[in-house]
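Worksheet for the structure shown next.
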Amino acid sequence: MELRHLRYFIAVAETGSLTVAAERRLHTSQPSLSRQIRDLEDQVGVELLRRSARGVELTPAGKAFIDHARLALSQVDAAIEAARRAAQPSKQRFALGFLTGQEMTWLPKALHLLRDELPNIDVTVSSDYSPDLADALARGRLDLAFLRAEPGFDLDYTTVGREPLVVLMPSDHALAAQERIRPQQLVGQPFVGMANKARVLRAVVEDYLQREGVSLTPTQGVDNPAMVMSLVASTRGLALIPDYVENLLPWSVVSRPLAGDVPMIDLVVGHSRSNASPILKLFLSRLSELAQRAPDEQRR
């Protein structure tokens, strides 16, 4: 079994199509990809993928296999990254990642913890979707990230803030005149929901609405705050989103707090358990200081 077998299998499983995986992800021919998948199944000894009316789906054996395949590939990538770092020991690199928009609040605080080491290290900063940050941590491309506690990754998470969800709406919406919004007032309004990338946030929103006995069918599903705000303004819809986006709102969109039992979502610091970086060790040893420097609204 070779690494390419695992990469090909994961590409087919994630796209649900041999043709799409071959053309868009792997840049190979569909017959060649089919042979590689058959070779993998022959080596494993069971059927991993099955054709259906909806495309290509994982069998029960495939579902059991894919998490281990992803972990194996992430460990290989982490090993490669560790070797490359070891080959350039003159100046250490420390890679920070942020859930898009959170760097405005948390980057200054993170750099404050590293202030004594900054002359000796190269700090790189990136922002991305939370699942992509978790994947980058697992693969050794990031040392530490501010994200959601994504399931399915071999990572350690420490909560550094709790954010209440707020209601986004057009600035001239009728509900903007109210100080707080009851969840029942969302019924009958266009609702912008979260898509697959924002799965942790989506789960918090769905749990809250179910708890409140409110049934909403999203008219749109999106992944990032900028698109949420754009759709709220253009479709005159409402959305539930963490309150950190209030720092990013354009004039055409406003937020209002929820009434009653307000749902919260955790912001965490994540890192790989196998990361032996001394800079990471220093950062983690000062996490309590980071929490003390958190803004008051994120400690509610």
Side-chain angles (χ1 to χ4, degrees), residues 13-14 16 54 57-58 63 66-67 70 98-102 128-135 145-153 155 157 159-170 173 175-176 178 180-246 248-249 253-270 297-298 300:
E14 289 180 345
R54 292 176 292 182
E57 297 181 339
L58 290 169
K63 292 177 181 178
I66 193 168
D67 287 340
R70 285 177 172 141
F98 294 89
L99 182 65
T100 300
Q102 292 284 7
D128 213 330
Y129 298 114
S130 184
D132 293 336
L133 293 172
D135 184 68
F146 291 75
L147 70 166
R148 306 301 178 198
E150 299 291 339
F153 293 93
L155 303 174
Y157 297 117
T159 300
V160 293
R162 300 199 76 215
E163 304 162 276
L165 300 193
V166 296
V167 184
L168 291 193
M169 64 188 71
H173 196 282
L175 292 178
Q178 301 195 24
R180 293 184 177 272
I181 308 299
R182 293 179 291 105
Q184 291 76 16
Q185 292 176 285
L186 305 178
V187 177
Q189 304 278 353
F191 184 67
V192 180
M194 298 299 113
N196 292 332
K197 283 282 187 180
R199 55 187 175 182
V200 176
L201 175 56
R202 184 176 64 180
V204 171
V205 170
E206 290 176 350
D207 179 71
Y208 168 67
L209 294 176
Q210 183 179 22
R211 190 170 68 244
E212 295 293 330
V214 173
S215 179
L216 299 177
T217 300
T219 53
Q220 301 281 346
V222 294
D223 293 317
N224 64 78
M227 185 57 70
V228 171
M229 289 181 274
S230 176
L231 284 172
V232 165
S234 61
T235 68
R236 301 196 58 76
L238 306 180
L240 293 174
I241 200 163
D243 71 346
Y244 80 91
V245 303
E246 291 175 337
L248 311 173
L249 294 181
V253 176
V254 296
S255 69
R256 293 293 181 267
L258 284 159
D261 186 10
V262 179
M264 308 287 287
I265 187 168
D266 290 343
L267 181 73
V268 303
V269 163
E297 64 268 17
Q298 290 188 311
R300 283 183 292 181

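We count residues from 1, following the sequence as given. Atoms considered below: every heavy atom in the structure, side chains included; atoms not considered: hydrogens, waters and symmetry mates.
- A 4.5 Å side-chain heavy-atom check between Val214 and Val187 finds at least one atom pair inside the cut-off.
- Atom-to-atom distance recorded for Glu212:CD and Leu186:CG is 10.0 Å, nearest 0.5 angstrom.
- The list of side-chain hydrogen bond (donor to acceptor under 3.5 Å, both in side chains) pairs with a residue in residues 254-263, not counting sequence neighbours, reads Glu246-Ser255.
- Tyr157 places none of its side-chain heavy atoms less than 4.5 Å from the side chain of Thr159.
- Residue Arg202 comes nearest to Met194 through the heavy atom pair CD-O, 3.2 Å, listed as atom of the first residue, atom of the second, then distance.
- Between Leu155 and Ala134 the shortest heavy-atom distance is CD1-O, 3.7 Å.
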Should Leu258 and Arg180 be marked as a side-chain contact (heavy atoms from CB on, under 4.5 Å) after you check the CA-CA gap, both sets of side-chain angles, and the distance that decides it? CA-CA 5 Å; Leu258 284 159; Arg180 293 184 177 272; over 6 Å; no
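- Looking at every heavy atom in both residues, Leu248 comes nearest to Gly101 through CD1-CA, 4.1 Å.
- Between atom CG of residue Asp266 and atom CZ of residue Arg162 there is a gap of 5.0 Å, rounded to the nearest 0.5 Å.
- Asp207 has its side chain out of reach of Pro263: every pair of non-hydrogen atoms, C-beta onward, lies at least 4.5 Å apart.
- The backbone N or O of Ala259 sits nowhere less than 3.5 Å from a side-chain atom of Arg182 that would complete a donor-acceptor pair.
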Chi angles and distances behind the side-chain contact (heavy atoms from CB on, under 4.5 Å) call for Ile265, Val205: CA-CA 9 Å; Ile265 187 168; Val205 170; over 6 Å; no
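- Side-chain contact between Leu240 and Val192 is absent, with no heavy-atom pair separated by less than 4.5 Å.
- At a threshold of 4.5 Å between non-hydrogen side-chain atoms, the residues Val253 and Met169 do not count as touching.
- Rounding to the nearest 0.5 angstrom, the gap separating the CG atom in Asp135 from the OH atom in Tyr129 is 14.5 Å.
- Salt-bridge check for Glu57 with Lys63: failed, with every basic side-chain N at 4.0 Å or more from each acidic carboxylate O.
- The shortest non-hydrogen separation linking Pro242 to Leu165 is N-CD2, 3.6 Å.
- With hydrogens and angles ignored, the 3.5 Å screen pairs a side-chain donor or acceptor of Ser130 with a backbone N or O of Arg148.
- Counting all heavy atoms, side chain and backbone alike, Pro225 lies closest to Tyr244 at CG-OH, 3.5 Å.
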Between Gln189 and Leu216, is the side-chain contact (heavy atoms from CB on, under 4.5 Å) condition met? List the steps. CA-CA 9 Å; Gln189 304 278 353; Leu216 299 177; over 6 Å; no
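- Inter-residue side-chain proximity for Leu238 and His173 is flagged as met; some heavy-atom pair is nearer than 4.5 Å.
- Minimum interatomic distance between Gly270 and Leu147 (heavy atoms only, all atoms of both residues): N-CD2, 3.7 Å.
- Checking side-chain atoms of Ser234 against main-chain N and O of Ser230 turns up a donor-acceptor pair under 3.5 Å.
- Under the 4.5 Å side-chain criterion, counting only non-hydrogen atoms from C-beta, Leu168 is in contact with Leu249.
- Ion pairing between a basic and an acidic side chain is recognised when a charged N comes within 4.0 Å of a carboxylate O; Glu206 and Arg199 show no such pairing.
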side-chain contact (heavy atoms from CB on, under 4.5 Å), that's the test. Do Val160 and Phe146 meet it? Break it down for me. CA-CA 9 Å; Val160 293; Phe146 291 75; 4.3 Å; yes
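- At a threshold of 4.5 Å between non-hydrogen side-chain atoms, the residues Glu163 and Met264 do not count as touching.
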